[in-house]
Colleague: 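Take a look at this one; I'll ask things after.
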Number of protein chains: 2
Amino acid sequence: MTGKATRKKANLRDVAAAAGVSVATVSRVMNSPEAVSQATRKKVQGAMDSLRFMPSAAARAISTGRTRFVGALVPTLDNAIFARYLSRLESQLGKHRLSLIVSTTDGVPETEVEKARTLVDIGAEALIVSGVTHDAALYELIDRGEIPAMATSCFDPGFALPTIGYDNAAAALSALTHLSSLGHSRISVIHGPTETNDRTGTRVEALRRQPGGAELMFHLEPLSIEGGCNGVQRVMEARPDTTAILCMSDVQATGALYELQRRGIAVPAQVSLMGIDDLPGSAHTSPGLTTVHLPVSQMGIVAADALSSWLEAQTLPEPVLLESRLVVRDSTGRPA
Amino acid sequence: MTGKATRKKANLRDVAAAAGVSVATVSRVMNSPEAVSQATRKKVQGAMDSLRFMPSAAARAISTGRTRFVGALVPTLDNAIFARYLSRLESQLGKHRLSLIVSTTDGVPETEVEKARTLVDIGAEALIVSGVTHDAALYELIDRGEIPAMATSCFDPGFALPTIGYDNAAAALSALTHLSSLGHSRISVIHGPTETNDRTGTRVEALRRQPGGAELMFHLEPLSIEGGCNGVQRVMEARPDTTAILCMSDVQATGALYELQRRGIAVPAQVSLMGIDDLPGSAHTSPGLTTVHLPVSQMGIVAADALSSWLEAQTLPEPVLLESRLVVRDSTGRPA
DNA sequence: ATGGTTGATGAAACCGGTTACATGTGTCAA
DNA sequence: TTGACACATGTAACCGGTTTCATCAACCAT
């Protein structure tokens, strides 16, 4: 043993002692180097290096009151739509010197609260949740801790939290309109859980209220590739004369496409297929998937900026509505 | 204004004063309630509620020396293989009352270091990185901070960090063997970047060294669906008589399948197709994708447990080798 | 009655940074 | 020569928890 290598970690006072300066000076070297003379700065940095000094995040946090990280709660990582969103959110937060912690809720409100509590418990300065359906305990937590919190993936100016997202009803309707305008009337809808996922709920509800919505046939399936496969199976059992299948997510649409191919049903010649999301892969399927592009990258950017100014300047964010956009590719056509 | 609602946040001393007890007692109510009498516990909890007390994570961290969260660095979230892994890692860490922070590196070593630095800076107690190729600065950081760190997705007992993962060379070879045993000899390989991704590098290298490996034709493409599409295009230009395409990832294989379908090339009748990973969707494509299953869920569990005991009991984890498994589905067959 | 335990609680030190304020030195204008 | 002022640095309080050790009352066996 060298007799000094395995000592306990050096702290700022050790560095100060080694450099022959005060703790304040060491602190300054880290936080406002320009306020320290060249000579002492060198001395201090030398001491830091030889003592292998690493500042304690907790100690800094306790005196500044800032931890510089925020938490995001999403239903799952197992859907490329969240990957896109989170990746932008993270990079944009980074520009504000903020880090992101992601927690998954499986779409279960109780799990969401639990995860939110953990996030706050380890020091998250703010929370970003998905959608507007949450357990009451989440609001209590946010309220009690006075935690800045916002909701994404939807738009609702009346919601308790600022929302940043798109109009899910409009997205669903623009998809339906596309199919209708092509001449489809026997349309089947495959969608994920609506109870716990208000984004899906809003989309389905919009279709139901639509004039002529009564003719639509709805099938609830898990929000996965497999769910999309099963959905097609049920569509074909329930209504074999369906000319178009509208999936409320690209993941399910991808599964649906697989199943249609497996059954030898030509897309779009025999059945037209649509999704909503516009995943990176959706442009490359064969045929290319017609879908509604959701501006999740932009959502990440806007959310990051809004949150940052909330934390820095206490400015409560305004709700933001981002436009979705119909993307017509090759999976839809006129009915046979 | 009520005159008290908007006051600054209550701390433990405020609670103690309100409850007429000492700070130690309040602390005990939170951490070892059984050591406090029923009566005082009630009193303290009442004071906590009426003052809307929320303990400060930073303050706790500074005295316990624990932040209870660890960081994981992955190349991207945009690949379902990581979603699977991270989801298990997170849930298993949760069982040890540890939280997970995920950062993405885009597969760039410099970005990785930067992100790692940020993670440590905000208090991560340990790091989990992917693979064995890293910037020297990462090791310095780990070394200097004495940060427990391990590497996943590969197995190398000789590596500086404990590794928990699978044998990438074996995975690639078992795929190749499957194709060879079916009678394929004109095989094209589509793979992602090998320079920055050692997992891919190891797989490709294993194929190159294989007796008869010289007959293989390799194509480097981005690790994405689109990359898979492009790969097929290049395969068909370079070697139209190819009877089997082996992709080093299921993402690329999925793209390849799309492109083959688009070109009207029957799988597996005209060309056999294989991937490596076994994504959730791979079982449902049409035809089902033959691939090599990588035990990423188990990897998440093992990594979480190992890291936890490292942190709790200072036991340096042993490297762990997890078995991959060939999954034969319908995208491979004898050459025409 | 007495010494030894056990159980509940409090006082104060401690963790490792940041920062308000004080101090000391040198420069420059009046 | 002196006062104003900028600049570099030090002192010590402070942030909000945890934890050690001391204290004191109640209980029990001898």
Side-chain angles (χ1 to χ4, degrees), chain A residues 7-45 47-48 51-69 97 120-125 144-146, chain B residues 7-45 47-48 51-69 97 120-125 144-146:
Chain A
R7 284 249 196 292
K8 59 206 61 170
K9 288 192 182 179
N11 64 25
L12 180 143
R13 279 160 238 265
D14 298 331
V15 174
V21 300
S22 72
V23 292
T25 300
V26 180
S27 180
R28 283 186 200 105
V29 170
M30 298 193 291
N31 302 309
S32 42
E34 73 286 353
V36 180
S37 77
Q38 181 83 14
T40 39
R41 206 187 311 163
K42 276 267 159 70
K43 249 192 329 189
V44 171
Q45 269 155 351
M48 284 179 163
L51 289 171
R52 327 185 90 220
F53 172 69
M54 300 263 326
S56 148
R60 181 184 307 124
I62 201 183
S63 29
T64 59
R66 300 286 312 264
T67 56
R68 303 214 74 86
F69 66 84
R97 299 182 15 84
V120 172
D121 213 56
I122 64 179
E125 292 188 50
R144 176 165 182 164
E146 292 171 28
Chain B
R7 283 247 196 292
K8 60 205 62 171
K9 287 192 184 179
N11 64 23
L12 180 142
R13 279 161 237 267
D14 298 331
V15 174
V21 300
S22 73
V23 292
T25 300
V26 179
S27 180
R28 284 187 199 106
V29 169
M30 298 192 291
N31 301 311
S32 42
E34 71 287 352
V36 180
S37 76
Q38 181 81 16
T40 38
R41 205 186 313 161
K42 277 266 158 72
K43 247 189 336 189
V44 170
Q45 268 154 352
M48 284 178 163
L51 289 171
R52 327 186 90 220
F53 172 70
M54 300 262 326
S56 147
R60 182 185 305 126
I62 201 183
S63 30
T64 60
R66 300 287 311 265
T67 56
R68 305 214 72 86
F69 67 83
R97 299 183 11 85
V120 171
D121 212 56
I122 64 178
E125 292 188 51
R144 175 164 183 164
E146 292 171 28

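Chain identifiers are assigned alphabetically (A, B, ...) following the order of the sequence lines, protein sequences preceding nucleic acid strands; residue numbering begins at 1 within each chain. All figures in this text were calculated on a predicted structure; none of them were measured in a lab.
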Colleague: Expressed as a whole number of angstroms, how long is the span from B/Arg68:CZ to D/dG17:P?
Modeller: 18 Å
Colleague: Respond yes when some side-chain nitrogen or oxygen of B/Thr40 is under 4.0 Å from OP1 or OP2 of C/dT9, and no when none is.
Modeller: yes
Colleague: Contact class for B/Ser27 vs. all strands (heavy atom < 4.0 Å): base, sugar-phosphate, or nothing?
Modeller: base
Colleague: Counting heavy atoms from C-beta on, name the nucleotide in D/dG16, D/dT11, C/dT18 closest to the side chain of B/Asn11.
Modeller: D/dG16
Colleague: Given D/dG10, is OP1 or OP2 found less than 4.0 Å from the side-chain N or O atoms of A/Thr25?
Modeller: yes
Colleague: Check the distance between D/dT18's C1' and B/Met30's CE and give it to me in whole angstrom.
Modeller: 9 Å
Colleague: Quick one: does A/Val36's side chain get under 4.5 Å of A/Val44's, heavy atoms only?
Modeller: no
Colleague: Take atom CZ of A/Arg60 and atom P of D/dG16, then tell me their distance rounded to the nearest Å.
Modeller: 18 Å
Colleague: Taking CZ in A/Arg97 as the centre, count heavy atoms belonging to other residues, nucleotides or ligands within less than 6.0 Å. Is the count above 12?
Modeller: no
Colleague: Atom CZ of B/Arg60 and atom OG of B/Ser27: how far apart are they, to the nearest 0.5 Å?
Modeller: 9.0 Å
Colleague: Where each residue is assigned the nucleotide of DNA chain D containing its nearest heavy atom, which of A/Val23 and A/Val36 is assigned the position nearer the 5′ end?
Modeller: A/Val36
Colleague: Rounded to whole Å, how long is the line connecting atom CG of A/Asp121 with atom P of D/dG17?
Modeller: 12 Å
Colleague: Could you tell me how far apart A/Arg28 (CZ) and D/dG10 (P) are, to the nearest whole angstrom?
Modeller: 8 Å
Colleague: How many whole angstroms separate atom NZ of B/Lys9 from atom C1' of D/dC15?
Modeller: 14 Å
Colleague: Need one value for B/Val26: base, sugar-phosphate or nothing, where a base atom within 4.0 Å counts as base even if backbone is also close, heavy atoms only.
Modeller: nothing
Colleague: Can you find a donor-acceptor N/O pair under 3.5 angstrom joining the side chain of A/Arg13 to the base of C/dG17?
Modeller: yes
Colleague: Calculate the interatomic distance between B/Leu12 atom CG and C/dA12 atom P; express it in whole Å.
Modeller: 16 Å
Colleague: Are the side chains of A/Thr67 and B/Ile122 in contact, using a 4.5 Å heavy-atom criterion?
Modeller: no
Colleague: In whole angstrom, what separates B/Met54's CE from D/dG17's P?
Modeller: 10 Å
Colleague: Measuring to OP1 and OP2 of D/dT18, would you say a side-chain N or O of B/Asn31 lies under 4.0 angstrom away?
Modeller: yes
Colleague: When you check the phosphate oxygens OP1 and OP2 of D/dG10, does a side-chain N or O of A/Ser22 lie under 4.0 Å from one of them?
Modeller: yes
Colleague: Assign each of B/Ser63 and B/Ser37 to its nearest nucleotide of DNA chain C by heavy atoms, then name whichever residue's nucleotide is nearer the 5' end.
Modeller: B/Ser37
Colleague: Between B/Gly20 and A/Ser56, which is nearer to the 5' end of DNA chain C once each is assigned its nearest nucleotide?
Modeller: B/Gly20
Colleague: Please round to the nearest 0.5 Å and tell me the distance separating atom CE of B/Met48 and atom CG of B/Asp14.
Modeller: 12.0 Å
